[in-house]
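Below is one structure; the comments refer to it alone.
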Amino acid sequence: MTIRVIIVDDQAMVRAGFAALLAAQSDIDVVGEAPDGRRGVEVGRAVRPDVVLMDVRMPEMDGLAAARELLTPPAGVDHRPKVLMLTTFDVDDYVYEALRAGASGFLLKDAPPADLISAVRVVAAGDALLAPSVTRRLIADFARQRPAAPSGGPALRLNALTPRETEVLELIARGLSNQEIAARLVLAEQTVKTHIGRVLAKLGLRDRAQAVIFAYESGLVAPGDA
């Protein structure tokens, strides 16, 4: 099945370069582009893409606000694309907030072309975090700057998980892949995927990226943990 993508970036050369690269792939179809977040939301609603490549900093409406609008649409709009944030910085508060809002991950603009292509495919498949360890570092950096989570809220929601599900969530937050979690817990990889699906459903989380953030904000994992 072809992956439908739109590119939202205020630099025309960036849009053109990304579009040419992605359109050359047999399984990816670039169906639209936009020069700012506001127009990006309009194009996204009109063409209903599978994946939105969203720049963080843009005029009119930045990528964070645009991602929120696409991921939390108003009543009557049921389409929610996967959003992959593009940034020139590997640590960016806007990216952190975008992940909290439901974006599936982030990618540096100067990443190798193969990484961009792979990221689109990974996100379209429903997986988050092109590089779990990098996103883990991003979240840990901001967790250090924020006050500890209160005893209620996210911490109480952990009670809905079984001990095994809590263990899996902790390992996700530490940056382990499904294969690594399976090896650590001596489980089949498919069993790990099942546990992750249950964790997301019980906690009301969109994907793996939000699970990592939840683990930090609930206090399950603390910055600096090995």
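Numbers here are sequence positions counted from 1. Reckoned from all heavy atoms, side chains included, excluding hydrogens, waters and symmetry mates. Owing to the predicted nature of the structure, the values given are computational and were not obtained by experimental measurement.
- At a threshold of 4.5 Å between non-hydrogen side-chain atoms, the residues D55 and V8 do not count as touching.
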Original post:
Step by step, would you call R184 with L176 a side chain to side chain contact (heavy atoms under 4.5 Å, CB included)?
Top reply: CA-CA 9 Å; R184 176 76 64 89; L176 275 66; 3.8 Å; yes

**OP:** Please lay out, stage by stage, how V168 and I196 fare under the test side chain to side chain contact (heavy atoms under 4.5 Å, CB included).
**Re:** CA-CA 7 Å; V168 168; I196 292 173; 3.7 Å; yes

**OP:** In sequence, state the C-alpha distance, the side-chain angles, and the governing distance for R57 and D62, and then conclude on side chain to side chain contact (heavy atoms under 4.5 Å, CB included).
**Re:** CA-CA 5 Å; R57 303 175 187 275; D62 66 28; 5.9 Å; no

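- Checked against side chain to side chain contact (heavy atoms under 4.5 Å, CB included), P113 has the following partners two or more places apart in sequence or in another chain: L21.
- Applying the side-chain hydrogen bond (donor to acceptor under 3.5 Å, both in side chains) test to every pair with at least one member in residues 26-43, sequence neighbours left out, gives these pairs: R15-E33, D27-R121, R39-E42.
- One hydrophobic cluster holds both L70 and V47 under the rule that ILVMFWY side chains link at heavy-atom gaps under 4.5 Å.
- A donor-acceptor pair under 3.5 Å is formed between the side chain of E165 and the backbone N or O of T162.
- Side-chain atoms of S118 do not come within 3.5 Å of backbone N or O of A114 as any donor-acceptor pair.
- Between S218 atom OG and L156 atom CG the span is 10.5 Å, to the nearest 0.5 Å.
- For the pair K109 and T87, the minimum side-chain heavy-atom distance is 4.5 Å or more.
- With values rounded to the nearest 0.5 angstrom, I181 atom CD1 is found 11.5 Å from K193 atom NZ.
- Checked by atom type and distance alone, the side chain of D50 pairs as donor or acceptor with a backbone atom of R4 at under 3.5 Å.
- A heavy-atom distance below 4.5 Å is not found between the side chains of I172 and N178.
- In this structure, F18 and V30 have side chains that are not in contact, with every pair of non-hydrogen atoms separated by 4.5 Å or more.
- Counting heavy atoms from C-beta on, the side chains of V212 and E217 never come closer than 4.5 Å.
- Residues V51 and P81 have side chains not in contact (no heavy-atom distance under 4.5 Å, counting atoms from C-beta outward).
- With T191 contributing its side chain and L187 its backbone, the two residues share no donor-acceptor pair below 3.5 Å.
- For the pair E60 and P35, the minimum side-chain heavy-atom distance is 4.5 Å or more.
- Residues V5 and Q25 form no side-chain contact, since every pair of their non-hydrogen atoms from C-beta on lies 4.5 Å or further apart.
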Original post:
Should F214 and L203 be marked as a side chain to side chain contact (heavy atoms under 4.5 Å, CB included) after you check the CA-CA gap, both sets of side-chain angles, and the distance that decides it?
Top reply: CA-CA 9 Å; F214 179 91; L203 298 178; 3.6 Å; yes

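- Annotation: the span from L64 atom CG to M58 atom CE amounts to 10.0 Å, rounded to 0.5 Å.
- Taking NE2 of H195 as the reference point, atom CD of Q190 lies at 11.0 Å (rounded to 0.5 Å).
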